[in-house]
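Quick notes on the structure that follows.
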Amino acid sequence: MLIHPWDAPRTDAEWQQWLAAHDFGQLAVNGLPGEPPHVQPMHFAYEADHGEHGRVLTHLARPNPLWRAVESDPEVLLSVVDDYVFVPGPWQAAPQDPAEHGVPTSFYAAVQLRCTARVVDDPAEKADILNRQVGHFQPEGGSARAAAGEAPYGRMLSGIRALCLEVTDVRAKFKYATHKPVEVRERIAAGLAERGGPGDAAALAHHLRRREA
């Protein structure tokens, strides 16, 4: 992923706060020799307070075909993308150019976590990871806690394997044209506000926040 200086996060807190609210992504795992990579859509819980860059907790069904690949090469990449919109060319036209000369583009926020994966099969540790995930997604409670050998979920633990992904590197990008001239930025902001389509409000919030920072 290309990251221009003006699209890079200003601080680690910027991408961490965004990631805390975006907990569905795609896990990319190198395939076995002669096979393509595995790409697994999944929910996850990111915990920023573990290690230098944090860790990711998740689980998948035991029959998932990616397990052999993870065990062969535990270096994986978790990609999370959201708050994306299409920006019409006229919005981006330079002040001195005709509107039809503007270049269309995409706005988006993206975080890529390079991780070292550890497969978890111990029932007690799997239960702990499940409880941490449920605590993240369902903080209001309402579900029984998982515990090895105990109802209602203990007998189901054998059907899953958990993953603890230790984050070793982070690449983050907030592509919202904040390097453009003021006139262009104001035109983009007005266009997003007027269009009001899916994702436009989030993209506008990023655009305004980053140009004011």
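Along the sequence shown, residues carry numbers from 1.
Side chain of Thr58 to main chain of His43: a donor-acceptor pair is present (N/O by atom type, distance under 3.5 Å, no hydrogens or angles). One N or O on the side chain of His207 and one on the backbone of Tyr176 form a donor-acceptor pair closer than 3.5 Å. The backbone N or O of Val103 lies less than 3.5 Å from a partner atom in the side chain of Gln92, making a donor-acceptor pair. Looking only at distances, a side-chain donor or acceptor of Lys175 sits under 3.5 Å from a matching main-chain atom of Ser106. Side-chain N or O atoms of Lys173 include none that pairs as donor or acceptor with a backbone N or O of Val111 at under 3.5 Å.
Within the structure, every pair that satisfies the side-chain hydrogen bond (donor to acceptor under 3.5 Å, both in side chains) test and touches residues 153-171, not counting sequence neighbours, is listed here: Glu71-Arg161, Asp121-Arg161. Counting only residues at least two apart or on different chains, the salt bridge (Lys or Arg N to Asp or Glu O under 4.0 Å) pairs with a member in residues 176-194 are Glu183-Arg187.
Looking at residues two or more places apart in sequence or on another chain, you find no ring pair (Phe, Tyr, Trp, His ring centres under 6.0 Å) involving Phe44. Here His179 pairs with Trp6 under the ring pair (Phe, Tyr, Trp, His ring centres under 6.0 Å) rule; sequence neighbours left out. Scored by the side chain to side chain donor-acceptor pair (under 3.5 Å) test, Asp122 finds no partners at all (sequence neighbours excluded). Not counting sequence neighbours, the partners of Asp200 by the side chain to side chain donor-acceptor pair (under 3.5 Å) test are Arg195. Here Ser79 pairs with nothing under the side chain to side chain donor-acceptor pair (under 3.5 Å) rule; sequence neighbours left out. Partners of Gln40 according to the side chain to side chain donor-acceptor pair (under 3.5 Å) rule, which considers only residues two or more places apart in sequence or in another chain, are Asn64. Taking the salt bridge (Lys or Arg N to Asp or Glu O under 4.0 Å) definition, one finds that Arg145 meets it with nothing, sequence neighbours left out. Residues satisfying the salt bridge (Lys or Arg N to Asp or Glu O under 4.0 Å) criterion with Arg68, sequence neighbours excluded, are absent altogether.
Nearest heavy-atom pair across Asp83 and Ala202 is OD1-CB, 3.6 Å. Heavy atoms only, all atoms of each residue included: Ala177 and Ile188 are closest at CB-CD1, 3.9 Å. The shortest heavy-atom contact between Gly31 and Ala69 is CA-CB, 4.5 Å. Here the shortest heavy-atom pairing between Ala146 and Ala127 reads O-CB, 3.6 Å. Among all heavy-atom pairs drawn from Val167 and Cys115, the shortest one is CG2-SG, 4.0 Å. Here the closest heavy-atom approach between residue Pro9 and residue Ala172 is recorded as CD-O, 3.2 Å.
In this structure, CG on Asp128 lies 10.0 Å from SG on Cys164, to the nearest 0.5 angstrom. How far CG of Leu163 is from CZ of Arg118: 9.5 Å, rounded to the nearest 0.5 Å. Distance CD/Gln16 to OG1/Thr11: 8.0 Å, rounded to 0.5 Å. The distance from atom CE of Met42 to atom CG of Leu66, rounded to the nearest 0.5 Å, is 9.0 Å. Atom-to-atom distance recorded for Asp12:CG and Glu52:CD is 8.5 Å, nearest 0.5 angstrom. To the nearest 0.5 Å, atoms CZ (Arg209) and CG (Leu204) are separated by 11.5 Å.
In the hydrophobic cluster analysis, where Ile, Leu, Val, Met, Phe, Trp and Tyr join through side-chain heavy atoms closer than 4.5 angstrom, Trp15 is grouped together with Phe107. Under the 4.5 Å side-chain heavy-atom criterion for Ile, Leu, Val, Met, Phe, Trp and Tyr, Leu130 and Tyr46 are members of distinct hydrophobic clusters. Cluster membership for Leu60 and Leu113, using ILVMFWY side-chain heavy atoms within less than 4.5 angstrom, is shared. When the side chains of ILVMFWY residues are joined at heavy-atom separations under 4.5 Å, either directly or via intervening members, Val184 and Val87 end up in a single hydrophobic cluster. Linking Ile, Leu, Val, Met, Phe, Trp and Tyr whenever their side-chain heavy atoms come within less than 4.5 Å puts Leu208 and Trp91 in one cluster.
Inter-residue side-chain proximity for Gln112 and Val170 is flagged as unmet; no heavy-atom pair is nearer than 4.5 Å.
Because its NZ or CZ atom is not both nearer than 6.0 Å to the ring centre of Phe137 and within 45° of the ring axis, Arg132 does not count as a cation-pi partner of that residue.
Membership of the apolar cluster around Tyr108 extends to Val81, Tyr84, as traced through chained side-chain contacts below 4.5 Å between ILVMFWY residues.
Side-chain atoms of Thr116 and Glu75 include a donor-acceptor pair closer than 3.5 Å. Inspection of the Gln133 and His59 side chains reveals an N or O donor paired with an N or O acceptor under 3.5 Å.
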For residues 19-30, which side-chain donor-acceptor pairs fall under 3.5 Å, sequence neighbours excluded?
{"residue": "His22", "atom": "ND1", "partner": "Trp18", "partner atom": "O", "Å": "2.6"}
{"residue": "Asp23", "atom": "OD2", "partner": "His136", "partner atom": "NE2", "Å": "2.6"}
{"residue": "Asn30", "atom": "ND2", "partner": "Asp73", "partner atom": "OD2", "Å": "2.9"}

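Atom CD of Gln138 has more than 12 neighbouring heavy atoms from other residues, nucleotides or ligands inside a 6.0 Å radius.
Taking the six-membered ring where the residue is Trp, Phe174 and His206 present tilted rings, their angle falling between 30° and 60°.
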